[in-house]
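Report on the structure given below.
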2 protein chains.
Amino acid sequence: MRKIAESTVRRLSLYLRFLEDFGEQGAETVSSEALAARGGTTSAQVRKDLSFFGSFGKRGLGYRVPELTTRLREILGLARRYRLVVVGAGKIGSALVQFGGFRKRGFDIVGILDRDPAKIGARWNGLTICDAADLTGELRRLEADVVVLATPAEAAQGVADQVVASGVRAILNFAPVSLAVPEAVTVKTINLAMELEALSYALTHQ
Amino acid sequence: MRKIAESTVRRLSLYLRFLEDFGEQGAETVSSEALAARGGTTSAQVRKDLSFFGSFGKRGLGYRVPELTTRLREILGLARRYRLVVVGAGKIGSALVQFGGFRKRGFDIVGILDRDPAKIGARWNGLTICDAADLTGELRRLEADVVVLATPAEAAQGVADQVVASGVRAILNFAPVSLAVPEAVTVKTINLAMELEALSYALTHQ
DNA sequence: GTTTGTGAAACGATTCACAGCT
DNA sequence: AGCTGTGAATCGTTTCACAAAC
């Protein structure tokens, strides 16, 4: 498949959520204009984004909500569930496990790993924290699809290397570093400090 | 000042962190090449990003670490501290308050607001949860610089409207909606579901 | 010799605008 | 008449490449 821009994929994810809302409200069809209004973009952008994957609409009518919802789920790879393993049982790891809001969107946390003997064996939300000493083996044993990297910055690259070695090809990174990984592995980084600093910049420059 | 791209500002935030690391390791100077290697970008990109704000380097030498660190802090508006108010005392709000990692980067959580009588009055990490009934008034009383919006999706736009009315011009939004706000207000949205779905997309398409 | 700062070129994403279908 | 799908035009960002400074 042709290379699709990061920004396009993110908008598809937004459209899916809006479609779910429209569906709950009983809408049968939706226009690119309506989706755009909801997502802070333009109707041309919506049509272009969808056109990369096919022609899902009817001219003069718009898109059928249930069909487009299903197609977007397929495109995003959400027809299945994913197994998440959290590495790092600190504040962020704890928050993510407690949060648990992923499950209803198809992502199950199936393991928590840490190196700290004081934490190993503790139970969080029904899961026991396991030793991350043999990280690669644990990830294989747990059949991890995605690693949620929630260690301190210093440990992050080492963990990433082991994740790559284990064959896991997706990392959600909360450490404030840019990870070096092979092309076949995808990393999405969430950096709260960076977002706050971008707000600080905006507040400062008028 | 000329309009600077979002992506540039985010990279400046990264460079600042790398400079702090270089500084701790005792480096006196750093080249655009070294910063680029650390940040997963190119030396030309680093130089271009910095050039929007001035000429901070010496040809043949590179950049002096302490000077560039100071200048980046100024550019990003980090010469002062910011007052954060968390609106929504649910799982995400709780996690953010417990986390507390913002303080050492200049952001202090000074208030937590919620509408739920069962939560009002509880103490979290030394802060008492206050009633969000008069949100606008509370934000003024607390002298909020930034609102961290951590309510359910349904309540988010209503809260955003009150935030705007209060005069606060920066929102860090954790609700999975795109907020409509006037141009003078900056919103950064963190959407974990979107990040996971982008990983799902990457895993699915080879 | 090294590395910056920066116009120019290349690239990529968004918007326009309209033909074509319902 | 209404709305999609899409090539063409526009806009913005990144990369190139080199003159200027050390």
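Order of the sequence lines sets the chain letters (A, B, ...), proteins ahead of strands, with each chain counted from 1.
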Next on the checklist: Heavy atoms only, 4.0 Å cut-off, all strands: where does A:Thr8 land among base, sugar-phosphate and nothing?
Outcome noted: nothing

Checklist entry - When all nucleic acid strands are considered with a 4.0 Å heavy-atom cut-off, which category describes A:Ser7: base, sugar-phosphate, or nothing? => result sugar-phosphate

Distance-only side-chain donor-acceptor flag, [X] / [Y], under 3.5 Å:
X: A:Asp108; Y: A:Tyr82; answer: no
X: A:Ser166; Y: A:Arg140; answer: no
X: B:Asp161; Y: B:Gln157; answer: yes
X: A:Tyr63; Y: A:Ser31; answer: no

Roughly, in whole Å, what's the span from [atom1] in [X] to [atom2] in [N]?
X: B:Asp49; N: C:dT4; atom1: CG; atom2: P; answer: 13 Å
X: B:Leu35; N: C:dG5; atom1: CG; atom2: P; answer: 12 Å
X: A:Phe56; N: D:dT6; atom1: CZ; atom2: P; answer: 11 Å
X: A:Phe52; N: D:dG5; atom1: CZ; atom2: C1'; answer: 12 Å
X: B:Leu61; N: C:dG5; atom1: CG; atom2: P; answer: 11 Å
X: B:Arg64; N: C:dT4; atom1: CZ; atom2: C1'; answer: 16 Å
X: B:Glu6; N: C:dG12; atom1: CD; atom2: P; answer: 21 Å
X: A:Leu50; N: D:dT6; atom1: CG; atom2: P; answer: 11 Å

Does a nitrogen or oxygen in the side chain of [X] sit under 4.0 Å from OP1 or OP2 of [N]?
X: A:Ser31; N: D:dC3; value: no
X: B:Ser32; N: C:dT4; value: yes
X: A:Gln45; N: C:dT15; value: yes
X: A:Tyr63; N: D:dG5; value: yes

Next on the checklist: Measuring centre to centre across the rings, with the benzene-like ring taken for any Trp, is B:Phe102 within less than 6.0 Å of B:Phe99?
Outcome noted: yes

Checklist entry - Are more than 12 heavy atoms from other residues, nucleotides or ligands located less than 6.0 Å from atom CD of A:Glu74? => result yes

Checklist outcome for this item: By nearest-heavy-atom nucleotide on DNA chain C, the more 5' of A:Lys58 and A:Ala5 is A:Ala5

Item to check | Proximal nucleotide (of D:dC22, C:dT6, D:dT6) relative to the B:Lys48 side chain | outcome: C:dT6

Item to check | Verdict with supporting geometry, B:Thr8 and B:Arg11, side-chain contact (heavy atoms from CB on, under 4.5 Å) | outcome: CA-CA 5 Å; B:Thr8 296; B:Arg11 282 191 300 267; 3.5 Å; yes

Find every protein N or O atom lying less than 3.5 Å from an N or O atom of nucleotides 18-20 of chain C, and list the pairs.
| unit_1 | atom_1 | unit_2 | atom_2 | d |
| --- | --- | --- | --- | --- |
| C:dG20 | N3 | A:Arg59 | NH1 | 3.2 |

